[in-house]
Structure formats: C-alpha cells, structure tokens
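These notes are about the structure you will find just below.
Naming: A, B, ... by sequence-line order, numbering from 1 per chain.
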4 protein chains.
Amino acid sequence: MPRRKTDDKHAAILRAAIQVIAERGLSAAPTSAISKAAGVAEGTLFTYFATKQDLANALYIDIKLQLAEKLFAREPDAANARGLMQHHWNRFVQWGVANPSHLRVLDQLTASGMISPKIAAEGSAPFAQLEQMVRAAIRSGVLRKVPFLLLTSTFEAMAQNTIRQINAGIETPGKLRRLGFEILWRGLAVRPDE
Amino acid sequence: MPRRKTDDKHAAILRAAIQVIAERGLSAAPTSAISKAAGVAEGTLFTYFATKQDLANALYIDIKLQLAEKLFAREPDAANARGLMQHHWNRFVQWGVANPSHLRVLDQLTASGMISPKIAAEGSAPFAQLEQMVRAAIRSGVLRKVPFLLLTSTFEAMAQNTIRQINAGIETPGKLRRLGFEILWRGLAVRPDE
Amino acid sequence: MPRRKTDDKHAAILRAAIQVIAERGLSAAPTSAISKAAGVAEGTLFTYFATKQDLANALYIDIKLQLAEKLFAREPDAANARGLMQHHWNRFVQWGVANPSHLRVLDQLTASGMISPKIAAEGSAPFAQLEQMVRAAIRSGVLRKVPFLLLTSTFEAMAQNTIRQINAGIETPGKLRRLGFEILWRGLAVRPDE
Amino acid sequence: MPRRKTDDKHAAILRAAIQVIAERGLSAAPTSAISKAAGVAEGTLFTYFATKQDLANALYIDIKLQLAEKLFAREPDAANARGLMQHHWNRFVQWGVANPSHLRVLDQLTASGMISPKIAAEGSAPFAQLEQMVRAAIRSGVLRKVPFLLLTSTFEAMAQNTIRQINAGIETPGKLRRLGFEILWRGLAVRPDE
DNA sequence: CATGAATGAGGGTTCATTCAT
DNA sequence: AATGAATGAACCCTCATTCAT
C-alpha cells in the first residue's frame, strides 16, 4: 500500500496527540488542542479518525508498534536465553526512559477504559516473537514453569516500574536497569546464577 | 442545633464514587451520577467535597487507608522475614481480588494526574510499618541490598500485576498468588531457598 | 414600638449587606456571604428577610432613611431659600463622600430592577419636608417654575454626580461641592446672583 | 473555505443581549436566553464572545458607539457654542428616549462593575470631538471655568435624568428637553441670557 | 479534502431557600 | 428563634462532532 501525501497529517495528529495527552492528561486533551498542535484544522482530525475513541485506539496501537520496532530493531548479540531477555529488557527500559510521554500516554489509555480488549490484543501482536522466545525458554527448562501470561505480564510490569523509578531519579539509570533485570531474572530463571 | 454533617453521607459519597468511577472511568463519572448513586442531592456532594478534585484526593486517601487496614488487620503468625512479607503479600492480593473496583479507581486516580505529590505522600504514610519491616530485612541481610524505593515499588507492581492476572482468570487465584510471591521472593531475597 | 433584642441581627444583616454588595456587586453577593459577614447563620437571614428581594427592598429603604436622617439632623442656620438648599446639598454630598458604599449600593439596587415603584415611593417619603421647601421656593418665585419632579430629580442627579467626581479625586472635595452647587443654583434660581 | 464568522451574528447577539438585559436585568439574563433571542445556538455565542464579561464589554462599547453616531450624524446648524451644545443635548435626549433599552443596559453595565476602566475609557473615545468643543467653549469664555470632567459629567448626568423624567411621562418630551437644557445652560454658561 | 464556524448536550459548581434539629 | 446541612434548579462554559463553504 503506497503512502499518500496525507499520511503526513495522520502521523502529525498522532504525534500531537501524544504530546498533548502527556502534558494535560487524556480527559483534559480536547480534540481541538490536538488538531491545533498538529497544525491542522479542527474538522480535519475527524477525516483521519472518525471519533476520539478511534484516535485513542490508533494511538494505542501506534505507540505499541513504536515500542516493538525499537525492541526488535537490532539483532541481539547473545544467543543464550538470559542474554536474549536482557537485550530486550534493556531496549524496553531505554525506550521508556527516552520516551516518557509515550509511556505516560499508554498508561492513560490503558486506565481510561477506552481501549477495547480487541484493540489491546492487536497491540500485543507485534510482540509475538518475544512470546516465542519466552515459550522456548520455558520448554527448554531455563525459565521456571509459570503460566505464560503471568510471566510476560511480570516482565512488562517490572520494566514499567523500573522506568518509573529511573524517571523519578532515585538512582543512576544504568544501575536501576541492571538491578531491575537481576530481580526479574532471579525471580523467573530456574538456575539464576548460571 | 441544625442537621450535622454525617460520616454517613461522607462515606456514602465515597462509596458511590468508587462504584461509578470503576464502572465508567473517572472523567466519565459526572458528580451528578455520583451523588445520585449516593442517594444524595447534587449539591450535597459539594458540602462534603468542595471540588471534584477534592473528592478525588479524598477517595485516593480513603482507598489507601482501606488497603492499609486490611494489610495490618491481623498480626502475622510468622516471625521470619519471608513469612512476614508473604503475609502482607497475601493480604494485598486478597484485598485487590476482593475489591477490583478499588484497585481500578486507584489506577484511574494515579493516571489522571489529579493526585498531587502531597496527597500521594499522605497516601503512603499508613504503610510506614511495612517500610520499617523492609528496611530491617535489608539491614539484616535477608533481602538484597537494593534501593529501597525500587524494592517497595517492585512489591507493589508485582502485587498489582498478580491481582490483574487473577481477575483475568488465567489460573486459580491461590496458585497465582503463590507463584507471584515466589517470583518476588526469589528476585529479592539473598538466599531464596532457605 | 420597643426594640427587641433581635433588632440587633436585623441591623447587622443590613450593615453586612451594604458592605458585601458594595465590595462585590449585588449579583455577586450571595446571601451566604451576607449572613456570614453579619455573624449570623445562613438560615437566620431568612427569618428576618423572607427573600433576597425583601432584603434588597429593606436595604433600599434603610439607606434612604439614613440619608434623610443626616440631611435633617441639624437645623440649618440660613433662613433664605439659597441657604436652605445649600445646607441640604452640603449634607447630601458630605454623606455620599463619607459613605461611598451606601451610594454604590443604592446605585446597584436602583439599576437592578429589584426595587418596585411602590418601594421607590416609600423611599422618597422621608424627604417630604425637602419637597415642601422646594415647593415653597417655587411658589415664592425664588426657584424657576419647573415641573417639580424635574427639579428634585435634577438636585439628586447633580448631587450624586458631584459625589462621584469627588470620589474620583479630580479636585478638592470642598471646591467640587461648592462648584456643583453653584451650577445647580444658577440653573434653577430665578435670580441666581442675589 | 469554511463558514466564516459573520457580522450578522455578532450584531444579532448584541441586539439580543440589549433586549434581554433590558427586560430582565444583567444578572438575570442567562447567556442561553440571549443566544436564543439571537436565533443562535447556545455555544455559538461563545465563538463570538469568549465570556459573558467579554459580551458585556463589547455591548458597552457598542452602545456608546451607537450613541456617538447619533450624536454626530448631522452637522449642527448653529455656529455659536450654545447652539452647538443644544444640538448635541437634543440628540442625546432624543436617542435616550427612542432607545430606552440601550440606556437601561448602559446603567446596568456601569453599575455591575463588570466594565473595566480600560473599557470605560475606550467607550469615551468616540466623544472626543464633543470634548474639544467643550474645551474650546471654556477657553473662549463662553462656558464657566469649571473642571472639565465635572462639566462633561454634569452634561451626561442631566441628560440622563431628563430622559428618565421623559420616560416617566411627567410632562411633554419636548418641554422637558427644552427645560433640561435651559437648566444646564444657565448653570454652565458665563452669560446665560445672551 | 480542508477548513473552522455552528451546534447543543453535558458538566462542575453556585446559591436562594427549606427544614430537621 | 437559631443553626447550617440539604436541596435542585440554573448558570456559564466546554467540547466532540457536523456541515456549509
């Protein structure tokens, strides 16, 4: 599908939405403010997103995609499970620290109840390869036999928490990132010390 | 002597607020709906809470207090650190599972940006004794030497995640609760297996 | 009619009303603010004045009465018409300058449309002796033969304007008061220079 | 090209505001009633006037401008100071009698305290040429040497009073208009009879 | 398609008045 | 009589959405 010239506006609106929502909160982010920040007329927003809901959903997917892109941008050096996991952990945390707005908006959207389960599932799709990796690690006995969803959600919850602590500035980013992963790995690996 | 302000109505409004906000989301929860659910006139809400913000803040404190009460209701049997921590972990998770609305509202409030740091701090106060316990465990070498705030926030993040997974119904509540704690403890304890 | 103890509150409310209305404007002066300023409970106000309207009317009458009292407090020295008129002019202007709140409230009440013609008439009653004086002066050929109401309203309009100019501080109070009267007298007297 | 803001609607809202405020009083004139009277949706009023205050200010300026227009519409026949002054007096009074609503609204606005000094000054600007005329007459010795502001405010106060008396119907409009001016001229002129 | 004025339902809050105590 | 909590109608203003240009 070829990109049209107007995809510029589509993207501009999404970008503006992130900025405005991060600054003011989802419910205090009128579509008028978003369109203005995007350099677009108020009505134009609605030719790209029929509804504020639709915009919210698109934004959710968009941010998740951006995260996935960063996560899988480079091939990891390491071949063993721990190295792989740490690689993605680092990417995740680095992305979150570099894009606090995105994470904040993701929080807002998740908490808002505007994101339907269907959209939420769609947002998880790009992480399929990460899931494969985890499943393989469980099968091969490197990770503990824990319900799959508990495991992945723990990864995400701890990564997000680590990012929050880094942004709160309680310690060096690098140290927190390393410590966070250590906690996670010790919690999940069968033989953490190997 | 006039009609006196009753704890009755104060509590009824808070209860109604939790219900309505949990159902519809904070920003989609008009004060009119809250007062109606509380069985109170629209204006009455504002004799108890001058502002929707004030209501939000009060709600935040209230829920935190309820949680703290459950957490510290009974003296834990165990004397060792692991037992103590598990005791409180269990209480936390049980409370979250029993009161999904409360947790959802807490999320909403936290994400909304309506909660000032001052109120947030006030909401943490009742957990002081938990903090003491954690600090002692670190000092005595039972828990790993990890920045205090990273540790406590990890506890909270993992507990909340565990509650979410239980509510999603992916596994038996008891099993998830036990597994969740195991992951946490392995991650944080110096010698997890003892 | 003997004054009751409760007349204290009646008067306190009127006094408070003047203060609050002068400060904030009639429509921005809630009865709650007035009762508070009067040191009285909100409901109490309504045992003395059944309605905000009633309070407004009572206030109108009250201020007019206060003005009349000042106007006729002392017997004028002068015996001729000019001296008499000037005496009352001076009293009027001095009262207005000393009580800017009262005049401002009178303006507000008059402009508000809350004052019925009946009440307005009642407010004019205390000035009957002034009217007699004016009628006599017309009959005796000292004042020009001008419709009575035009004459008295001119007196009032010019006095109020003079007060306003004094309060605006464009010139010495004494000078403005004298000049104002001179303009009035020259305008109304048959032989101004005698 | 979108719908453009029309002078049409702008004017319609101002006209409606005058009508509604004159009838019910400023504070009892809801914006909803004004927009309805203007044949416009409630929200539309706020695309033309961001605030009720702004509407009030605009209304003040608008009425003052209308008055100024009438005042200076035709060149006066007379060349001498008295003729000039009488010409403008007549115009003022005629306008006031023909537009009782406008005057009433002006009163309301002035008394309301919503009109900032800045706006008040702006409303006086169109009368600059009248001021020039008065200053010239003072310099040339036709009008008495009286503080300028006292003089102009007296003109206005007496004109408004005359209008009120005419509207009260105590005498023929023409007669009151002539008498009013006579009183004013005698009061202000150095040699009234020439 | 793009624009931004127009729309009107809805929201938080105020306030005169009532009424239980 | 005094109190002040309770009431609910109104009010000003916002904002997602529509539509004429």
Side-chain angles (χ1 to χ4, degrees), chain A residues 4-6 9 27-36 39-56, chain B residues 1-6 8-10 27-36 38-56, chain C residues 4-6 9-10 27-36 39-56, chain D residues 1-6 8-10 27-36 38-55:
Chain A
R4 308 253 209 72
K5 236 198 289 175
T6 48
K9 276 175 189 156
S27 65
T31 54
S32 62
I34 295 172
S35 50
K36 191 175 180 184
V40 158
E42 288 188 33
T44 303
L45 187 150
F46 290 91
T47 72
Y48 290 87
F49 308 94
T51 286
K52 201 188 183 184
Q53 265 249 38
D54 290 351
L55 172 58
Chain B
M1 216 195 313
R3 267 177 271 185
R4 319 251 70 224
K5 261 197 248 188
T6 57
D8 224 40
K9 269 173 192 139
H10 187 95
S27 66
T31 52
S32 60
I34 295 172
S35 51
K36 192 174 180 183
V40 158
E42 289 190 29
T44 302
L45 186 149
F46 291 93
T47 73
Y48 288 87
F49 307 94
T51 287
K52 200 187 182 185
Q53 264 245 44
D54 289 352
L55 172 58
Chain C
R4 309 255 208 71
K5 234 198 291 175
T6 49
K9 275 173 191 156
H10 187 97
S27 66
T31 53
S32 62
I34 295 172
S35 52
K36 190 176 180 183
V40 157
E42 289 187 33
T44 303
L45 188 149
F46 291 90
T47 73
Y48 289 88
F49 308 94
T51 286
K52 201 187 182 184
Q53 266 249 38
D54 290 351
L55 171 58
Chain D
M1 221 195 307
R3 268 177 270 186
R4 318 250 73 226
K5 262 197 247 188
T6 58
D8 225 36
K9 270 175 190 134
H10 187 95
S27 65
T31 53
S32 62
I34 295 172
S35 51
K36 192 174 180 182
V40 158
E42 289 189 29
T44 301
L45 187 149
F46 292 94
T47 75
Y48 287 87
F49 307 94
T51 288
K52 200 187 182 185
Q53 266 247 40
D54 288 353
L55 173 58

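Note that CG of C:Leu45 is 12.0 Å distant from NZ of C:Lys9, once rounded to the nearest 0.5 Å.
Taking side-chain N and O atoms only, A:Thr47 has no distance below 4.0 Å to OP1 or OP2 of E:dC1. The side chain of D:Lys9 places an N or O atom within less than 4.0 Å of a non-bridging phosphate oxygen (OP1 or OP2) of E:dA6. The shortest distance between the side-chain N/O atoms of C:Thr31 and the OP1/OP2 oxygens of E:dC15 is not below 4.0 Å. Considering only side-chain N and O atoms, B:Thr44 lies under 4.0 angstrom from the phosphate OP1 or OP2 of F:dT7.
Here the C1' atom of nucleotide F:dC12 and the NZ atom of D:Lys36 are 17 Å apart, to the nearest Å. Atom pair A:Leu45:CG and E:dC1:C1' shows a separation of 14 Å (rounding to whole Å applied). Atom pair D:Lys52:NZ and F:dC13:P shows a separation of 8 Å (rounding to whole Å applied). For the pair B:Phe46 CZ and F:dC11 P, the interatomic distance rounds to 18 Å; values are reported in whole Å. Rounded to a whole Å, the CD1 atom of A:Ile34 is 18 Å from the C1' atom of E:dT3. One interatomic measurement links the two molecules: CD of A:Glu42 to P of F:dT14, which rounds to 13 Å at whole-angstrom precision. What separates CG of A:Asp54 from C1' of F:dT17 is a distance of 13 Å, to the nearest Å. Taking atom CG of residue C:Leu55 and atom C1' of nucleotide E:dC15, one finds them 14 Å apart after rounding to whole Å.
Of all the heavy atoms in C:Pro30 and C:Ala28, the pair that sits closest is CD-O, 3.1 Å.
Contact annotation: the side chain of D:Ile34 approaches that of D:Leu55 to within less than 4.5 Å [non-hydrogen atoms, C-beta and beyond].
If you check E:dT3, E:dG11, F:dC15 against the side chain of B:Pro30, the one that comes closest is E:dG11.
Heavy-atom nearest nucleotides on DNA chain F were determined for B:Thr6 and for A:Ala28, and the one closer to the 5' end corresponds to B:Thr6. Each of C:Gln53 and B:Ser27 was matched to the nucleotide of DNA chain E holding its nearest heavy atom; the match closer to the 5' end belongs to B:Ser27. Between D:Thr51 and B:Gly39, the residue anchored closer to the 5' end of DNA chain F is B:Gly39, taking for each the nucleotide with the nearest heavy atom.
Ring-plane geometry between B:His10 and B:Tyr48 is classed as perpendicular, the angle between the planes exceeding 60 degrees on a 0 to 90 degree scale with a lower cut at 30.
Across all strands shown, F:dC13 forms a Watson-Crick or G-U wobble pair with E:dG10, both key distances being under 3.5 Å.
Just one residue in the list C:Glu42, C:Lys36, C:Lys52 forms a side-chain contact (heavy atoms from CB on, under 4.5 Å) with C:Thr31, and that residue is C:Lys52.
Contact annotation for B:Tyr48: backbone-only contact, meaning every heavy-atom pair under 4.0 Å involves sugar-phosphate atoms and none involves a base.
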